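To start, the structure under review is shown below, and the notes come after it.
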Amino acid sequence: MASTVEHISRATIRFAGDSGDGMQLTGTQLTNTSALAGNDVATFPDFPAEIRAPRGTRAGVSGFQVQFASEDIFTPGDQLDTLVVMNPAALVTNISDLRSGGLLIVNEDNFVDKEFRLAKVESNPLDDPEMDQYRVIKIKMTLLTRTAVEELELSTKIADRCKNFFAMGFVYWLYNRDLQPTLDFINAKFGGKPEIAAANEKALKAGYNYGETTEAAISTYQVEKAKLEPGKYKNIMGNQALAWGCITAAKLSDKDLFLGSYPITPASDILHELSKHKKFGVRTFQAEDEIAAVCATIGAAFGGHMSITTSSGPGIALKGEAMGLGMILELPMLIINIQRGGPSTGLPTKTEQSDLLQCMYGRNGESPLPVIAARSPADCFDTAIDAWRVAAKFMCPVIVLSDGYIANGAEPWRIPDYDTIEKIVIDHPGERAEEDPPFLPYKRNEDLSRPWALPGTKGLEHRIGGLEKEHETGNVSYDPDNHEFMCKIRQEKIDKIAEFIPELEVDGEESGDLLVLSWGGTYGACTTAVTQCQAEGLSVSHAHLRFINPFPRNLESLLGNFKQVVIPELNLGQLQKIIKSTFGVDAEGIHKLKGRPFTVSELVQQFKELIG
Amino acid sequence: MASTVEHISRATIRFAGDSGDGMQLTGTQLTNTSALAGNDVATFPDFPAEIRAPRGTRAGVSGFQVQFASEDIFTPGDQLDTLVVMNPAALVTNISDLRSGGLLIVNEDNFVDKEFRLAKVESNPLDDPEMDQYRVIKIKMTLLTRTAVEELELSTKIADRCKNFFAMGFVYWLYNRDLQPTLDFINAKFGGKPEIAAANEKALKAGYNYGETTEAAISTYQVEKAKLEPGKYKNIMGNQALAWGCITAAKLSDKDLFLGSYPITPASDILHELSKHKKFGVRTFQAEDEIAAVCATIGAAFGGHMSITTSSGPGIALKGEAMGLGMILELPMLIINIQRGGPSTGLPTKTEQSDLLQCMYGRNGESPLPVIAARSPADCFDTAIDAWRVAAKFMCPVIVLSDGYIANGAEPWRIPDYDTIEKIVIDHPGERAEEDPPFLPYKRNEDLSRPWALPGTKGLEHRIGGLEKEHETGNVSYDPDNHEFMCKIRQEKIDKIAEFIPELEVDGEESGDLLVLSWGGTYGACTTAVTQCQAEGLSVSHAHLRFINPFPRNLESLLGNFKQVVIPELNLGQLQKIIKSTFGVDAEGIHKLKGRPFTVSELVQQFKELIG
Amino acid sequence: MSTELPVLKAADFGSDQDVRWCPGCGDYSILAQMKKALAAQGFPREKIAFISGIGCSSRFPYYMSTYGMHSIHGRAPAFATGLKSARPDLQVWVITGDGDALSIGGNHLMHAIRRNVNLNIVLFNNRIYGLTKGQYSPTSEIGKITKSTPMGSVDNPLTPLSVAVGCGATFIARSIDTNVKHLADTLQKAAEHQGTSFIEVYQNCNIFNDGAWKYATDRATKQDNVLELEHGKPLIFGAESNKGIRLNGLNPEVVELGNGIAEDDLLFHDAKAPEPTMAYLLSRMQQPEFPEAIGIFRQIDAPVYDDQLNAQVEAAQQAASDAKLNDLFNSGNTWEVG
Amino acid sequence: MSTELPVLKAADFGSDQDVRWCPGCGDYSILAQMKKALAAQGFPREKIAFISGIGCSSRFPYYMSTYGMHSIHGRAPAFATGLKSARPDLQVWVITGDGDALSIGGNHLMHAIRRNVNLNIVLFNNRIYGLTKGQYSPTSEIGKITKSTPMGSVDNPLTPLSVAVGCGATFIARSIDTNVKHLADTLQKAAEHQGTSFIEVYQNCNIFNDGAWKYATDRATKQDNVLELEHGKPLIFGAESNKGIRLNGLNPEVVELGNGIAEDDLLFHDAKAPEPTMAYLLSRMQQPEFPEAIGIFRQIDAPVYDDQLNAQVEAAQQAASDAKLNDLFNSGNTWEVG
Ligand SMILES: Cc1ncc(C[n+]2csc(CCOP(=O)(O)OP(=O)(O)O)c2C)c(N)n1
Ligand SMILES: Cc1ncc(C[n+]2csc(CCOP(=O)(O)OP(=O)(O)O)c2C)c(N)n1
Ligand code: SF4
Ligand code: SF4
Ligand SMILES: [Mg+2]
Ligand SMILES: [Mg+2]
């Protein structure tokens, strides 16, 4: 290699191009290759709401960002070290994220008048004096790709489809990545179409060689292996981890898994993933709508399955009535909400954390349900299992929150050994003879849970329903005192879960100037930002909530230990509201509603401002 | 009259019998007659969830309570002065509400073994020594009624149906009520069936005469006219007042009224009432479900009607998704929730205030909507008009809360003069010519409201939808900054309504030991309880919220003026939660979930305990 | 079936709860016939589940001694689909009303039927909303005056069986609350059918819509107004069995037998016709023009949703009988960190 | 109509928004034909409203220069019913997809149709969920392999037109995205119909379900697979117009003309038959056994919901032309307090 190699600890790269340009695939490949090289990785795909928005337009731009590092990382990075743009629209919509001095790699062939018009730019944006702050590398990717695959005699259309592999190859060269994993991928994926496989391979190598052979005025970069906890790893996306977590939870409790769902972005991939795993006793039911989905889920729960339903904001709104029934039936199930930008249809492909209040309160009457939130793609696996532990032990639906950012993001997952995961023991009451005392379907145990009696069991025949029911017998009851008693005991049961879940851990000192309290997908940005502040000697600690209802039992005292509490959220302050109404604590809020996660730097800046 | 007349200031009477015994009619007649006699009145009907629960059982008991008074009253009374029971089941389920020394009037004919079995009592409850504390009057009502109507030669079944009129007649005698209004009612209602009319008339008079002629060991009572504000009055029920308020609001704004609804207890009567008033330009659409109902409502709002939808808890849960659309479309409409006992199907015929949090937060994303609550049956009229004023001015759906207690309760309503009610002026933008600048459907005025442009207007053609929209143009926009801007401005618009609505008034001193903060149907009980405390010299004031979102602008300072704040609610503390999360004020809560309103005495007791 | 099975009587299928329908309600009769039908089939009580929505009719499960769920308004077919998919060993009944099934619940009904889930759906059609005290329903006739339609309803009613045909139902039947033998028999046949059995039962609501089916239940008129279907038999009705239905092109017409019209000229019922056009045509025969048919309109064999769903799971399990989660976890690209 | 009306061209019905469907999507053609149909009918632009649900197809209103609402998934018929009831002067179109209309929205579709609201409902049937990237829909064929059915779907598909017949539709038609003249013509006829017009359009999704309608659009095969209906004409199809449909009892059968079979032996289309059995039968004719019919299956006059609703309001207003709110307020028992 002609160029020098710079050793760096982390790199953030974004590929941006037209929806049809294959940017998601390109980013995923770089991610996997980097993970295989032992880096820690985190990703952020970002795509438009249209399937194929008009080619060349700003609306049609699709992006994929990945950070890889030789140290623990928790976010896909704020500012870009390298930005690859396939057309002018991608340039203008992404350039503001490239750091000054960063590398801008451009497919020069697309910087022509026609494309400028589509992107609604007046003139060539590369001629803007602002560009001086970047190191711009213009490559005629289209032309070079065509040339590279020439001998295969493909149509231009097909040849041009390979140009993302060319871009990938160039970036691989730039970051000293191994081509082999991607070559293997090409073979596996396009094995059935040998000419396509060959073309992609040629394009990939051409890009790599282009870097190596052209005059390399730039140095290449090397990111060493990260010091991850020893073990076997694989890259996993949030929705996949959630699906696998559910399969695992079902197996741990010796149950089949039932999913009732209706497709909706960004939750559909859980349905897709689970429907592949019938061999593990998974039944997936694509219902006619979200209401049918949750109702079928309740039906299957009555039948004794580990039963779950998945959706996103608008679909969860539709499930409200049936969730209330699930609550009063006291049957275990998971209701999984992959949040997206709201209100209404909102920004369906963007991330947000704005369904928390809906999940807490979006049902008629006094209808409390536990709420648990995943914090990162790999964490979704554990979240699903933990949620089911609670549901099964306390006989209640549990709401699981994730979001578009977690769902589509990827990170290395330390592969667990199934056999070492703690089993989930569920006792179903057994048969009864005529002479036994009558079965009491609403008699509660020490957890205040009622028995999960399965249809098919002789002597346990019973009826459940949405009308208020008498304590112990479960018969319909309009008795005033019984109603108050039952409302209170249902609430008490949920509150008691706090005794079961772990205390909240603090990252940093147990008291001090500022506590950063976070939940859900902002975990990574908050962790990184707090670590930076701590490194600068600031008195900032971090606690991340997994359970939002009920709160961990030590939360109140913890909040009291800090001069200030700040809650960063991708909404207008929903957890903040709940914290205030629960503990009276006036936490500060950092709110962002841009369909994107927090950047570390914006958090660091705000934390510092708060400490003053 | 043989007996002496005692002059009293108020009386509380309950009729209780089988669902088929006509207790609601009996109570309503006594109410109307008392109102016509110039008393202030307040009622509380209470009936089972079944249409006709099994005869004679406790589940089948239906009751109607009325208080009438020569002074202002706000509740149907706590303890009963007189209880009329038609069978043993009615006795055992109601007796605990009769005050010691109260009158118990019994249909003796039904106190037989068969009825005891149906009511699940071991022996004749009248033989219970506990009965000594009441003044029991046993009357063979069935027999006496049959005798009274003998000459009409009706079937026994039909003859027996008149016995509620006999009971009514006796109570009329007891309270010196005029028979004429009820005789008029009988003629109007049964005019088509002269023998039925005659039978009821005979039964009514027989009951009255029975009191006059039998040995009257008891005195009768006289409640004088109340000193109500001068004016013309009529008795009105909550749902009727709400319906009339909506008709009036529509007329005031020169609009036709559209109702999209699906029947549900206790909201259906609004649909029934409105469907009678087509002559006032009312269109009612009984939809296939609640979702269709609210969607049709949004469609009619788009078309320019004053558009409303009515439902109760479970139905409101179903409307959540569409309400979010209504919010982002920024179209005016009313969403009316007549709350009932929850969760799930809960206690459908009982009252509760447990949908407040659902109404505030039961939608995906950041989706704020104004919430206004009626406080009493007659107040529903003004509430509907006020709600529409806000909706039309601020271009947003407004949630109107009532409850089963208000909906079915009745009180005197001072009849307004339509011509003196302030008009509601709505400006729709007019036609535009080709050469005019383009129409901006999301350009806001000083209230932050967008224009209400009506289909049919030339030059204003525009598209609206649930995706995030660009400021001013309303075009679909995925721009991150625009999304945050729009979320915030939608919230700001709702917050700004506080500038428009009146300040909160205090009943009592503006500062002191205890502020009772109430909302919705607990108004009457709180007012009465506070007045009692004040009469005893206690430093207790009362403020009643009409708007819960946004709060009146002086609420925060008011809360600060009192040593303690207490919020009585028929739920587990929902307003309390919102007050705490909004102002950080740790109010006490008084919670009741028994399907019944507060009694004045339980509130007085609790207020006193709080003051210590 | 084991020979030890105690034989259950109809009464054994009743629960200990007080039945709370209005005296005289048609629901009582349906309840009684259901108990009889279940006793006759000898399926164990604990293997049966009744799922209902909301409405007077939907209180039904409380009165049965089987497993049961009184769910929410309109969604019973969806709950039942979930239960049956998870537990194909159970016999699952759906009890619903005309409002529950066809108004709020129309979509779930349609999808259960088109999937052919192995459920027995019994629709109590009283042409009114009973529980909410008397609003018109999707089966109420045009011009119906109710609490919500003081000037008469203007909505064209749905014909439940036509809707069922429209979504490809494999078992379609109709019976009448007071026709007790016919009803018990129909319920039993429905239970035997594999796939969705859809049964409409004419039910009298004597409080809010008394006499809605008078023409079909009055001793004096019923034989002229009701036609009892029998597979393979000609369509004959009338007090003297002297009237029949003949086909004229695609349209049915009422004819009198005799005067040159023989039984063979009539339309013969074919409940097993591969194409549902016959069932459709029968479902359109309505008063006063035509007698209304009762009995089994259609009964065909077709793949059953829950069977197929479970077959896929079994096939996948058989193809990978030693599937281990650890294999799943370790699939794809993995790497070791030392 | 005033003579001053400027004549609008098809292009005048297009909005200024970029059309964002995938290149090659069948939706483009439907959009183009809609603009043509509207230009041809000469109804003023500001009097037209397009209401859609959610899906690729449901983006349609953004691309029209009329009033429009892109609502929520499956509910467009309900929004449209409210709008049309309040504003009978508007021409209201509903744009929906196979998932939007038949999956989540099946019930609203059914009720709009049975009420016969004066709407024009256009269902873009691509037999797939486009917007959510390729799950099977209620019109996908059995065995369909999609993201959510890797082992093939087991749900029996719905036939949209059979469903419409099942709820008593008064105007039922089918057309094809690429059959541009036929499509424009069908849309225009739908607009003219009073009551619910239900039009299914075969639409190609070239990304997730390319070629779903190949048999009906390929030059080589389409004439053998598609039968164009004409009222009063015999059912004839085939590249050489030599094949026809004959009735055998209640079942259709394909016959070749000639060899003793004349046109008069064939089934004649009657779109105005009072009974919908013909339309039902035609809707059941499906590939590969039968050619699939396009054109107008049924078109009958029947009372229209919004007309009747508004007529009641007018009648009530006429009967009480001087109705005063003060009279209402003062009705019933009142009393004076001095
Ligand atoms: C979500 C919801 N909407 C409305 C209701 C009120 N509701 C209960 S039953 C019913 C209709 C009952 O009619 P039908 O299904 O015909 O049953 P029937 O009472 O006549 O047996 C309605 C509207 C409800 N319980 N839940
Ligand atoms: C309540 C709700 N559920 C689910 C979705 C996700 N969703 C959007 S469109 C769609 C189906 C689209 O299919 P179809 O109606 O056939 O339209 P096409 O995209 O094929 O034109 C789904 C499931 C949603 N937006 N809202
Ligand atoms: S209201 Fe009608 S349907 Fe309901 S229980 Fe009474 S009679 Fe039966
Ligand atoms: S995904 Fe299919 S239906 Fe949607 S725009 Fe693309 S081609 Fe058309
Ligand atoms: Mg009914
Ligand atoms: Mg589709």
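Within every chain, numbering begins at 1; the chains are lettered A, B, ... in the order of the sequence lines, protein sequences first and strands thereafter. What you see is a predicted model; the values in this text were computed from it and never measured.
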Using non-hydrogen atoms and a 4.5 Å limit, figure out which bit of [X] sits close to chain B: side chain, backbone, both or neither.
| X | value |
| --- | --- |
| C/His70 | neither |
| C/Phe208 | side chain |
| C/Val19 | backbone |
| C/Ser71 | backbone |
| C/Ile54 | side chain |

Point-to-point distance, once rounded to the nearest 0.5 Å, from CE of C/Met151 to OG of B/Ser275:
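One finds 10.5 Å between CE of C/Met151 and OG of B/Ser275.
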CZ-CG distance between C/Arg75 and B/Asp289, expressed to the nearest 0.5 angstrom:
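Here the interatomic distance stands at 6.0 Å.
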With sequence neighbours left out, what residues match B/Ser344 under side chain to side chain contact (heavy atoms under 4.5 Å, CB included)?
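Counting only residues at least two positions away or on another chain, B/Ser344 forms a side chain to side chain contact (heavy atoms under 4.5 Å, CB included) with A/Leu325, A/Ile328, C/Ile72.
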Given that the side chain runs from C-beta out, which part of B/Ala292 has a heavy atom under 4.5 Å from chain C: side chain, backbone, both or neither?
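For B/Ala292, there is no contact with chain C at all, as no heavy atom is under 4.5 Å.
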How far apart are the closest heavy atoms of C/Tyr136 and B/Gln286, and which atoms are they?
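Minimum heavy-atom separation between C/Tyr136 and B/Gln286: O-NE2, 2.8 Å.
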Should C/Ile104 and B/Glu290 count as side-chain neighbours, where that means a heavy-atom distance under 4.5 Å?
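They are in contact (side-chain heavy atoms under 4.5 Å apart), so the answer is yes.
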Using a heavy-atom distance cut-off of less than 4.5 Å, which residues of residues 256-267 of chain B contact chain C?
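The list, in residue order, reads B/Tyr262, B/Pro263, B/Ile264, B/Thr265.
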Tell me every residue that passes side chain to side chain donor-acceptor pair (under 3.5 Å) with B/His272, counting only those two or more places apart in sequence or in another chain.
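Counting only residues at least two positions away or on another chain, B/His272 forms a side chain to side chain donor-acceptor pair (under 3.5 Å) with B/Asp269, C/Gln135.
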Counterpart residues, salt bridge (Lys or Arg N to Asp or Glu O under 4.0 Å), relative to B/Lys120 (two or more places apart):
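If we apply the salt bridge (Lys or Arg N to Asp or Glu O under 4.0 Å) test to B/Lys120, skipping adjacent residues, the hits are C/Asp18.
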